[in-house]
Every structure is written in C-alpha cells, then in structure tokens.
Amino acid sequence: MLVTIDDKSLEAAAGESCGQVLSRAISGKRLKNSVACLVDGQPRDLSAPVPEGTRELVPVLADSPQGLAIIRHSTAHIMAEAVKKLFPTAQVTIGPAIENGFYYDFAFERPFTPEDLEAIEAEMQKSIAANHPFSCTYVPKADAKALFASQGEAYKLEIMDENIEGDTVSLYRHGAFTDLCRGPHVPTTGMVKAFKLLSVAGAYWRGDEKRPMLQRIYGTAFAAEADLKTYLHHLEEAKKRDHRKLGTQLDLFSFSEEAGAGMAIWHPKGELVRTILEDFERKEHLRRGYQLVRGPQILKRELWERSGHYDNYRENMYFTEIDGQAYGIKPMNCLAHMLIYKSRVRSYRDLPQRYFELGVVHRHEKSGVLHGLMRVRQFTQDDAHILCRPDQLLEEITGVIKFVQDVVGLFGFDYEVELSTRPEKSIGSDEDWDRATKALTDALESLALPYDINEGDGAFYGPKIDIKLKDALDRRWQCATVQCDFTLPERFDLVYTDADGERKRPVMLHRVILGAVERFLGVLIEHTAGALPAWLAPVQARILIVTDAQKEFAAEALSRLRAAGIRAELDDRNEKLGFKVREAQMDKIPYMLVAGDKEKELGGLNVRLRSGENLGVKSLDEIVLLILADCQEPFKRGGMRYNFCSQ
RNA sequence: GCCCACGUAGCUCAGUCGGUAGAGCACUUCCUUGGUAAGGAAGAGGUCGCCGGUUCAAUUCCGGCCGUGGGCUCCA
C-alpha cells in the first residue's frame, strides 16, 4: 500500500510520474483501482512528476473517502464541460465535492430544466466514453486571466483576483474543457464509472444573499455502479422515513394552510407523545436541581429594547399592542427568567439558580426556511437559564453536557459536537471569554467528547457548544446548545452578594437539551421510522379480536391493561385478523395482542411484536410486566430514573 | 427573503394540447365470523389552493397572493 522512496529510488524515478513509480512497486490491478496518490500526504495526480525530496507515495483507491472526493470533483468538471458544450453562454464558477456527491454552480440566462439535466448527463457520457486524459499545467496568472477573459468567465477572473495568491495558477484540461482548479483529478474521464445528476437549485454567489443567484446542479458519483444504486436506493428509503410523511400517516400532527405557515397542529396521538416527552423532561430536570418556572407569552417592548433583542432580533419578532402599550411576543425565554432572579436579593449561597421552562416561543422565520417540524414559527424550547458564580461555571457546563449525553444516549442518536469561539464582533473582556471558553473545553474534555471547533462562530455575548443530530437524509439539525452569557446579567444588572460582602455579577448559561420539542420529535420520528420506543408510543398495545365471540373478553382485558397504566386500545371491528394485524403494523404499535377462542379459554392474549416476532400466549399480568419492563429498559441502560407507574 | 418546481376527494396519485373530472386506500351500508401485513358488494365524497385577467367558455392560458417541496442565506 505504502511505497517508501529512498534517495536511490528517487534518483531512479527522475522524470517519471507518480503513477509510473507506483506501478513498478504495486500490482497493476491495485493501480487500476487508484484514482490519484498521496505524495508525503499531499493528494496529487498520478500523472504528476515525483517531486524532489519525496519520502513516500500512497495510492488513493477509488472507493476510499479521498478517492470518492476526487472522482466526484472530476465528475463536476465533466459536467461543466457538458454544460459549456450545450449552453456556451453559461459561465462556470465553482464545483466542489461535497459529503455525498458534488455540485457545480453556473451563471446562465435561463433556468435549467429536468430535460436539460438529461441532456447534460448524455453529453457527460460521451466525454466519459472518449476517455479524455485530465492534464494539469501551471501557467502565469496573467495568461490564465487572459484565457478566461476571452471566454467571458467573469467569475473565474474574480476568483483569481480575490482568492489566489502568487503569480502561478494551475489549469486542468480534459478534452476541450479547461478549468481553473487545484486538483487532483482522476487520470482520465473514463475512470468515472457511475454518476447521476440529482437536482438543480438556486445558490448565491459566494453564499452571499446580496450577490447574484446562480444555478447549482447537484449530482453524485461512486466508484462502481452498484454503489451508486445502493446510494439511490438509500435515498428512496430515507424519504419513506420523512417525518412529514409519517406525521400524516401516524396521525400525529399536521399543518394547515388556513392556520398559517410554520404552525404545527398537534393531533391527539402527537400531543400524547409530546406530553410524555415533556413530562419526562420535567422529572429529569427536577432530579438535577432545576426549578420549574413560567414566564408570560408577551412582554413589554421596553424590556426587549433593554435586552438588545429589539435592536438585534426585531425582524424575527412579532409585536402587538395593548391599551396603547407596545408588547413583543417572546422569541426567547431568558427575560422572564432574569426577572425571577431579580425579584429578590441573591446571596452567593443561593447560586446556582437553575430555571427551567418548556417555553413556547414565536419567531418570524423567513418563509423559505420552514421545513416540517424541523423549522417552524411557533415552537417549545426545553429551555433553562443557569445563573451561577464564575467558579461554578465548569461544574454547571459539565452537568449540562452530561444531561445532554444521557438524553441523546437514551434515544441512541448519532450526533456531532461543535465548539464556537469568540467572533470578531463581540463584547466582554478577554478574561471573561478565556474563562468561559476554557470552561466549555474543559467540560468537553472531561467527558471525552470529540468535537470540532468553529473559530469565531460564537454568539456575540459568549462562546457556545452546539450538538447536532442527523435526520434521515443526513441533514444536521442543531438541538442541544449551551451558551455562556456575560452580557444580559450586565444589562439587567443582576447581582449577588459574595462571601466578602461585595456585590458581584453572576454568569448566565442559556441551554436547551432537546432544543425544540417539535424539531426533536421530527428527528426522532425519522430516527425510529415512526416506531417510537414503547415508553413514548402513543398506543402501546392494541387488542385484536379474531371474531366477535371475544368482544366481551377483549373489552375486559382492555380495561385491565388501562388500569395498569398501559396505553391500550381495542380493535373489535368486523374484519379479518390479517387485516387488523396489517393496520396495527402500519400504525407501528409495539404490542399486538390477539384475542381468539384459544386465548379466551386460557384467560390470556397472544403477543405479537411489531418486529413480527410472536411471543405466544401470555397472561394479562405477564403482559403488563412485559410492557412496563420494555418502557424502563432504555432508562436502566442509561442509568436514568423515570417512573412509569406513577402516571 | 431569494432561485426553481409543485398545489386535483381525508391520504397517495391519474387526467384535461380551454367545453366544470377519475383510480386505489380511507369513510358509510350490506354480505362475510375469518387465526398473525389487504375477504366481497354497493354508496357517498371534489366551486381541480385563493383572487383577478384573457375568452362565448378557465381546473387547464396569463398575473398576483397563499401554501408545499428541493436548495441558498439565516437559525432550535
């Protein structure tokens, strides 16, 4: 795999390409599966000459992550070639590889249509069939600018002016198409074995909404046709898990054009799930020393002016007027929590104060960003504000992260952690920022949580940790977050009397665990494909009768299950058992309890799980214990306590 | 907010190159009492998102609005 180059072989390799040296050292087959190589860790074309001083060469295999990125980026070039050939007036801009594919942004006078995409694909196939080599040349920047200027490629000129330092640029050519590019690329276009163009969408030039809107064509490519098929199949499957689809199918929630965009309407089953989840949250917060509080839905505008929300967040807020007095509908819960803190004199002994509220907030999100339950205009945050002394910061942050870990672990999510540090525009002293950032990193490290750093992406008032969960289509949604805040305590003049009798400023932590109940449920529905764990399932058990000879027996069994606290229902319709099982399966009900003559005689019910497994006939007592144990199981595993029997 | 696409029965979708519409599931009634993913028959259900324009005539063409989807920007 790894080819070490000593001085002697480097001399022998003089004038040879990396590919030639590698082909001598490794089997031809392996080289055939390679799309590029790493020269001392740097990705390079196989056709590149071996640079002086090279110590090692490593082939990059087509199906490795790096290999896929190179294939995808090369496919983007082939796509740009096809677009320029079919639509000569289109201007090329940039076309990187991304997580599951690639895109290329074009400036063109009319929108691309699905038919255009087909034509582009066909044109790409021609280029691939021709098996053009990708070649790299280094030219003076001035020459490259002359070349792109002659082709009317204004965006490429801008990139050279603003983004490329030095006097030399690299150009990649295949067939008749030349692009400004750093590379590397696959050796020839024929190495692209499997690709598909997926969609076209608008995208701002340089991601700036004040710049022109370009057209972005998304596509994907894989090392082999089978991998592409698998991926496309995965996309289809993921769409079936879409929480918007399942929300309708399972009758959990809906949106109504009449009610308004971004306003979820919770149906009985959905509201039940929410209630169970919120009840769980209240208990877990109380266990961890939080206090339950509740603020008003609208507060006087002056308060929002004082907090800075009016200046910084006004476009996202809704306002109203009462008796000539202006009010703002809360987009956040912190203000009332601070008023609670201020309602009496606080001693250092009183800290930390941890105020928890399932706070309903309204935010005027731009219409284009609304997305099912994931992005709505009214939502409920599991919000808390912790007011503590600076010396308590580390312990409080650690406690919050541990809390998040417990909850995320309970549901078995994949997640990513990001630490965002001080942005350019920020307030507060260096000392405060350093202490807060250190507290956040110390907390992450003490819990051995891997994390990425988002330099300069913190809030203007303090650094933060974000935890992002993935949805069915691999999109990331921010859920939990912990933010340090020195500003609001300042603005609202929050103080406590310290041991030395001095009045001091507490630090405020803003934090959420689930984030928003709505978003979290959206992600959870996709994560579980709608088969919610038994403790959260709106209907835990459904009794299915075989004939109406068991109606009475089944009704009796139902009331016994309900008396034991099981959320059960009865399907005594005049339908065949197979039909009822099918419906119960589609409703994702964890326990299907069949009542036939046999069961009636034995005084029990036949237990079928939604996995299809049949546990045989069990007594009602056994069934109750079975379901309750199933409900407790995730909590036991996570070392949490949540008592179902007390409900 | 921006670019593009879409909006037909409760749900999933056909259809109409301008002459007011159809299927499956669901719903109601009847037959069927059937043992682990769809038994049968009949019936009912739509001002084709809303408002305007063009036209003898608009669900169909045009415009505006509302809503949804894929992205961009922004965020829990």
Side-chain angles (χ1 to χ4, degrees), chain A residues 103 105 108 110-114 116 198-218 239 242 244-245 248-249 251 254-263 313 315-316 331-333 359 361 363-377 379-383 459 466-469 473 475 477-481 483 510-520 522-523 544-551 573-587 592-599 606-610 612-614:
Chain A
Y103 67 79
D105 285 347
F108 188 43
R110 69 160 178 82
F112 290 123
T113 65
D116 291 337
L198 297 172
S199 62
V200 53
Y204 297 112
W205 169 232
R206 297 204 183 268
D208 183 342
E209 61 181 326
K210 292 184 182 67
R211 304 270 211 133
M213 179 67 76
L214 305 173
Q215 291 187 69
R216 175 170 297 179
I217 301 178
Y218 283 95
K239 280 183 193 156
D242 189 313
R244 293 165 296 192
K245 210 180 186 96
T248 305
Q249 195 184 312
D251 200 16
S254 63
F255 288 89
S256 154
E257 199 173 330
E258 294 159 283
M263 307 290 177
Y313 206 73
E315 327 74 69
N316 281 299
M332 296 172 191
N333 304 299
V361 296
R363 297 184 186 175
H364 181 206
E365 303 292 349
K366 291 178 178 177
S367 59
V369 307
L370 302 175
H371 181 101
L373 288 182
M374 307 299 203
R375 196 77 183 269
V376 288
R377 284 182 171 157
F379 57 100
T380 306
Q381 293 183 301
D382 59 336
D383 203 3
D466 290 328
I467 288 153
K468 299 187 174 183
L469 303 183
L473 290 168
R475 289 178 288 216
W477 294 98
Q478 184 174 319
C479 289
T481 178
Q483 307 176 348
H510 305 244
R511 52 104 281 184
V512 287
I513 303 295
L514 304 179
V517 174
E518 289 79 2
R519 175 179 291 181
F520 185 81
V523 181
L544 314 175
I545 59 170
V546 179
T547 72
D548 42 6
Q550 301 92 35
K551 254 186 173 173
R573 292 174 302 169
N574 176 14
E575 298 288 352
K576 288 195 167 183
L577 182 60
F579 179 84
K580 295 182 195 179
V581 167
R582 177 184 150 79
E583 288 212 334
Q585 283 289 150
M586 290 195 305
D587 290 343
M592 283 158 262
L593 307 173
V594 175
D597 280 338
K598 197 173 80 187
E599 289 75 18
N606 182 282
V607 182
R608 180 196 157 103
L609 307 181
R610 60 190 162 188
E613 193 186 348
N614 195 316

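None of the values given here were measured: they were computed from a predicted structure. Letters A, B, ... mirror the listed sequences (proteins, then strands); counts begin at 1.
In terms of phosphate contacts, A:Q478 brings a side-chain nitrogen or oxygen within less than 4.0 Å of OP1 or OP2 of B:A76. Contact annotation: A:Y218 side-chain N/O to B:C72 OP1/OP2 distance is under 4.0 Å. At the phosphate of B:G69, OP1 or OP2 sits under 4.0 Å from a side-chain N or O atom of A:R244. Within the structure, every side-chain polar atom (N or O) of A:R610 is placed at least 4.0 Å from both OP1 and OP2 of B:U36. A sub-4.0 Å separation between OP1 or OP2 of B:G34 and a side-chain N or O of A:T547 is absent. Within the structure, a side-chain polar atom (N or O) of A:H371 is placed less than 4.0 Å from OP1 or OP2 of B:G70.
Taking the P atoms as reference points, B:A14 lies 12 Å from B:C6, given to the whole Å. Nucleotides B:G7 and B:G45, compared at atom P, are 25 Å apart to the nearest Å.
Residue side chain A:F255 fails the stacking definition with respect to B:G67, as its ring centre and the base's six-membered ring centre are not both under 5.5 angstrom apart and under 30 degrees in plane angle.
Side-chain atoms of A:E365 stay outside donor-acceptor range of the base of B:G1, with no qualifying N/O pair under 3.5 Å.
Of the candidate nucleotides B:C74, B:G67, B:C72, B:G67 has the atom nearest to the side chain of A:E257. Of the candidate nucleotides B:A37, B:A76, B:U36, B:U36 has the atom lying nearest to any side-chain atom of A:N614. Nearest nucleotide to the side chain of A:R608, out of B:A37, B:A26, B:G71: B:A37. Counting only heavy atoms from C-beta on, A:F579 has its side chain closest to B:G39 among B:C3, B:G39, B:G35.
Under the ring-ring contact (aromatic ring centres under 6.0 Å, His included) criterion, A:F379 pairs with no residue, sequence neighbours left out.
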